[in-house]
Structure formats: structure tokens, C-alpha cells
2 protein chains.
Amino acid sequence: MTTDTEARERVLEAADRLFYAKSAHAVGMDELRTEAGVSLKKLYQLFAGKEALVEEVLRRREEAITAATMKYVLRASTPEDQILAVFDWMADSSGTTDFRGCAFINSYAELGPSSERVTAVVRHQKTGVRGAIAAMVAATGRPEWVADSIFLLFEGAMTNTAITVSSEPARQAQTAARFLLEKTA
Amino acid sequence: MTTDTEARERVLEAADRLFYAKSAHAVGMDELRTEAGVSLKKLYQLFAGKEALVEEVLRRREEAITAATMKYVLRASTPEDQILAVFDWMADSSGTTDFRGCAFINSYAELGPSSERVTAVVRHQKTGVRGAIAAMVAATGRPEWVADSIFLLFEGAMTNTAITVSSEPARQAQTAARFLLEKTA
DNA sequence: TACAGTAGAGAACGAGCGTTCTCCACAGCA
DNA sequence: TGCTGTGGAGAACGCTCGTTCTCTACTGTA
């Protein structure tokens, strides 16, 4: 006997994994139901529909990624190393074979230009990793454009790490970021 | 009376526009047929199927983008300005409301991890704009990591320009690239 | 034992997809 | 005028999807 909360958790976990791996439109509610071990009826009791589920998954993923990168950040000692630590997280993550880049960009890509889901994607750009980088760079007293640049390196490396299936782009981006930080010291 | 070549051209033009705007899976063959003004029969005479059409569209888009950026590049005088000119192209392109980022990343995003189409996407990473940037940077005698960094800035700016619907990321990336070039002079 | 209520399994439904097939109008030619 | 072949319009087919509905099994209670 499982509570609704447990079932909900299992669904969200399975949805996050499958949506990220195959993209949302390629995952059917039936496959999801099987993977989560939940009846179709309960699935629709817990979530209004597929779109609502996708949005919830994106919301949680934002938190999860921020938390994951923060674990790397907090391990570093100097402010500069903390900023560079997000690329360590990326390089390590690319080791897992199912790394598929930024879930928000991927989600944007499979959407039409006008969609409700775009809202969540755009919001992610303001908060999450971008916000963390901006805060850390500001704390070192460097100008805002340095943070913008490092975030663009981050995003570029995310997509290229996924496509090339290697940690090389993450390392390249880290090198560039380190250079930026050194020359703006 | 239209020849097969003309019909083929119309189909590819419409497919490129629609696929890019809505993503390939969201565009039906029937919509495409209507848009191109071609019978369904002829459509399947000209192309083996939807997947073949998508691959052909990606192939042509690679050429088109390279050509478009080259127009900006050749207008600049110094080698450094030539490199930075690709960001001018991006900033200008973002002005058109239907700018949706890098078609290859978008295509990757809507695909499963193992797909034939990934081949075309990966190939694009080696040639196209990346190749052009690499060649231009090498011509200035700067190390390879500078080219890698500028390409990552380019890719990051492509996605963020699309999501934020503004030319700001393109300008931010250009600023960073200029900084990199100046400090490695 | 009888009964009310719940939950699960999966059938069913309507829509949309890629692809194929049918039908018909019309051209060129004897 | 007949015949043949070509091409277009769109109906049809088989499939998958998101969502809903039906039926059945089972639980707790008197």
C-alpha cells in the first residue's frame, strides 16, 4: 500500500528521467505509468494532464540542478574556484551516458513559439544556475558582463557536452572562464 | 506547370521554415504539402519520407547559415573584426521574430539518444560556423582554446537569444569574445 | 454473509500522425 | 472519337497518443 505522496514522487522521478532522456513528446503516458508502477487512473488523479506533469518536472529539475551544482560550489574555497566549480559538476555529469544537455533548452526546442511552458523555461534563465553565477561573480566585485559571459559559456558547454558525448566542452568552458576571471582580477 | 526541381525547392523552403519554427515533429506532412503547394503524391516522389526530408533540410541549413555569416565576416576588415562579425549576424537575426536558436541543437533535443539524424547534427559541430571560427582564429596565430571558447560563447548566445527573444545575449557574447581576443593579442 | 466504496487493469474513444491507395480529369496521340 | 498514361486531390489505413470509461476484485463494516 502506497500513499498518494509516494506515488506522486515515483511518477515525478520516472517522468523526469524519461522526459529528459527521450524528450517529453516521445514519452507516452502509458510508458510512464508502467515505469512508475502506478495505475492510469491514479496518474490522472495526481496530475491534471501531461502538460501539467511536464511543468512540474521542469520546476523540480531547476531545484535539483541548482542543488547539485551547489554541492560542487561549496566544496571550493576561494570565490573564483567556486564559480569555476560549476564546470566541474558539468564535466562529471557528462560522464553519465544519459547526459542530454540543458533540459530547459531541450524543452524549448520541442515547443512551438507560443506555449505556456515557455514561461517556465524563461524563468529558469533568471534564477537557477544563472542567478547563482551572477551572485558569485558580483560577490568578487567583478562587473556584470563577466557573469553574463560565464553563463553563456556554461550554456554553450551544456549543449555541446551533450552532443559530443564528452566532457571536453565543459573543460574548454572552464578554461575560458578561468581566463576571464584572471584577467578581470 | 512546374518542374520537379522547382517543386523540390518549394518543399525544402517550406520545410525549413516550418520545421525551424515549430520543430519537425510538430509539422505534419499535410501541412507541409499545403504550404508548398505540392500534391502528397509528388511529395513522396521527391523524398523517401519525412526523415529523409528532415535530413536534407538540416544539410541545406548548415550551408545557408555558413553563407549568411560569411556575408558579415567578409564585410569586416581586420581578422579580429571578422571573427566578431558572426555575433553581428546573430544580433541582426534575432531581430526577426521567428528566430528560434540553433536548428541543430533544437533537432538534437527532440530526438532520442540514438538516432540517424544525430549524425548530421554532430557533423555540423565540426564544420559550419565552428569550422569557420576555428580557421579565422588560427589565422591570427592565437591558440586553439580561444576558438573553442568563442564557439561556446556562440552556441550559448544562440540558445539564449532565442529564449529571451532579444539581441542582448549576442552582444554579451561579442563583448566576451572581444575581450578574449584583446587579452590574447 | 451481505453490502458500499475504492482502486486497479486495461478496453475504448477520438484525434492526429506518416504513408499508401483510389479515383477521376485531362493530356497526347492514332 | 477512342485509348493510354500521367498527375492531382484527398480518402483510407494502420498506428500511436492523451484521456476517459468500464468492469472486476477486494476491503472494511454490520
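Per chain, numbering begins at 1; letters A, B, ... match sequence-line order.
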salt_bridge(B:R142, B:E80) N-O dist < 4.0 Å = yes
Looking only at C:dA11, D:dG8, D:dG10, the nucleotide nearest the B:K42 side chain is D:dG8
Checking A:D148 side chain against B:P169 main chain: does a donor-acceptor pair fall under 3.5 Å?
-> no
Among C:dG8, D:dC17, C:dC17, which nucleotide sits nearest the side chain of B:K50?
-> C:dC17
Given axes from five pairs at either end, by how many degrees does the helix from C:dT1-D:dA30 to C:dA30-D:dT1 bend, rounded to 10°?
-> 20°
With a 4.0 Å cut-off on heavy atoms, is B:K41 in touch with a base, just the backbone sugar-phosphate, or nothing at all?
-> base
A:E56/A:R59 ion pair, N-O < 4.0 Å | yes
How close or far is atom P of D:dG18 from atom CG of A:L32, stated in whole angstroms?
-> 9 Å
When rounded to whole Å, the CG to P distance for the pair A:L40 and D:dG18 reads 10 Å
Select one nucleotide: of C:dA9, D:dT19, C:dT20, the one nearest the side-chain heavy atoms of A:R33.
-> C:dA9
Winner on side-chain proximity to A:M29, out of D:dG8, D:dT19, C:dT19, is D:dT19
Using a strict cut-off of less than 4.0 Å between a Lys/Arg side-chain nitrogen and an Asp/Glu carboxylate oxygen, indicate whether B:E35 and B:R10 qualify as a salt bridge.
-> no
With the side chain of A:S39 defined as its heavy atoms from C-beta on, choose the nearest nucleotide among C:dG8, D:dG18, C:dG18.
-> C:dG8
What's the CZ-C1' distance between B:F47 and C:dG18, to the nearest Å?
-> 16 Å
Atom-pair distance (CD on A:E31; P on D:dT19), nearest Å | 16 Å
Carboxylate-amine/guanidinium contact B:D16 B:R61, below 4.0 Å = yes
Send over the distance from B:Q45 CD to C:dT19 P, rounded to a whole Å.
-> 15 Å
Whole-Å distance, B:L46 CG to C:dG18 C1', equals 17 Å
If the plane angle is over 60° it's perpendicular, under 30° parallel, otherwise tilted; pick one for A:F179 and B:F179.
-> perpendicular
Side-chain atoms of residues 24-31 of chain A: list all donor-acceptor pairs with protein atoms under 3.5 Å, sequence neighbours left out, distances to 0.1 Å.
residue: A:H25; atom: ND1; partner: A:S23; partner atom: OG; Å: 3.2
residue: A:H25; atom: ND1; partner: A:E110; partner atom: OE1; Å: 2.7
residue: A:E31; atom: OE2; partner: A:K22; partner atom: NZ; Å: 2.6

